[in-house]
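Since the structure comes first, as structure tokens, the remarks are kept for the end.
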Amino acid sequence: MAHGEVLEFEEYVRTRQDALLRSARRLVPDPVDAQDLLQTALVRTYGRWDGIADKRLADAYLRRVMINTRTEWWRARKLEEVPTEQLPDARVEDSTEQHADRALLMDIMKVLAPKQRSVVVLRHWEQMSTEETAAALGMSAGTVKSTLHRALARLRQELESRDREEPATGALEREERERCAA
């Protein structure tokens, strides 16, 4: 990169860094992660600065790099533990019901189309905002909302139909657990 373009990039970063950091903060909730995201995006953009013909579009280019970087980070994360800010209200002594509920939920999720499943997971399990979900999946916020609405309705319908089909089975399983526990 020519010396003039290096100076131009430095000036761009100096004048736009606050606005770009605000954009990064909207993409990731942790301030330190937002700074890391912006720094990574700036490094990636620096290598391609001379390829940006219209420098007035540099903000849009850099924001797209931040979104893509955050998506890469999200895909690379480990799903073993999910930190939460609040602990559950009630302590569950017997994890059998918890495992059964999780298994039922995972089974019911199979009825959803992949796009619907992705939206439900990002919005409810990953607790992303509508805008964050839209950015991660490359769709509009309105599409995220309508897809989520349809997916939740489908999940409720499936859960209700299973409750109607197997009311006796659930009672038998509970009785069996109670006998084994006694």
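Values reported hereafter were calculated over all heavy atoms of this structure, with side chains retained and with hydrogens, waters and symmetry mates removed.
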Subject >> Any donor-acceptor N or O pair under 3.5 Å, side chains R63, S23 >> reply: yes

**OP:** Would you please say whether a donor-acceptor pair under 3.5 Å links the side chains of Y61 and D54?
**Re:** no

Carboxylate-amine/guanidinium proximity below 4.0 Å for [X] and [Y]:
X	Y	value
R14	E11	yes
R154	E158	yes
R44	E72	yes

**OP:** Might you point out which heavy atoms bring V28 and E132 nearest each other, and give the distance in Å?
**Re:** N-OE2, 4.5 Å

**OP:** Can you see which heavy atom on R70 is nearest to which on A136, and at what distance?
**Re:** NH2-CB, 3.2 Å

Starting from [Y], can I reach [X] by hopping between I/L/V/M/F/W/Y residues whose side chains sit under 4.5 Å apart?
X	Y	value
L42	L57	no
V13	L7	no
V120	W74	yes
L112	L105	yes

Original post:
Around K55, counting heavy atoms of other residues, nucleotides and ligands shown, do more than 12 lie under 6.0 Å from its NZ?
Top reply: yes

**OP:** Report yes if some heavy atom in the side chain of I52 is under 4.5 Å from a heavy atom in the side chain of R48; otherwise report no.
**Re:** no

Between atom [atom1] of [X] and atom [atom2] of [Y], what is the distance when rounded to the nearest 0.5 Å?
X	Y	atom1	atom2	result
R16	L21	CZ	CG	12.0 Å
T45	M66	OG1	CE	8.5 Å
L27	T69	CG	OG1	9.5 Å
H124	L155	NE2	CG	9.0 Å
R162	L104	CZ	CG	6.0 Å
R123	S129	CZ	OG	6.5 Å

**OP:** Please report the C-alpha distance between M139 and T133 in whole Å, then the side-chain angles of each, then the deciding distance to 0.1 Å, and finally whether the side-chain contact (heavy atoms from CB on, under 4.5 Å) criterion is met.
**Re:** CA-CA 8 Å; M139 55 177 70; T133 303; over 6 Å; no

**OP:** Would you please classify the geometry between the F9 ring and the W49 ring as parallel, tilted or perpendicular, with 30° and 60° separating the classes?
**Re:** perpendicular

Per-pair distances, 0.1 Å, donor-acceptor, side chain in residues 145-153, under 3.5 Å, sequence neighbours excluded:
| from | atom 1 | to | atom 2 | distance (Å) |
| --- | --- | --- | --- | --- |
| S146 | OG | G142 | O | 3.3 |
| S146 | OG | T143 | O | 3.2 |
| T147 | OG1 | T143 | O | 2.7 |

Could you list the donor-acceptor pairs under 3.5 angstrom formed by side chains in residues 32-41, with sequence neighbours left out?
| from | atom 1 | to | atom 2 | distance (Å) |
| --- | --- | --- | --- | --- |
| T40 | OG1 | D36 | O | 2.8 |

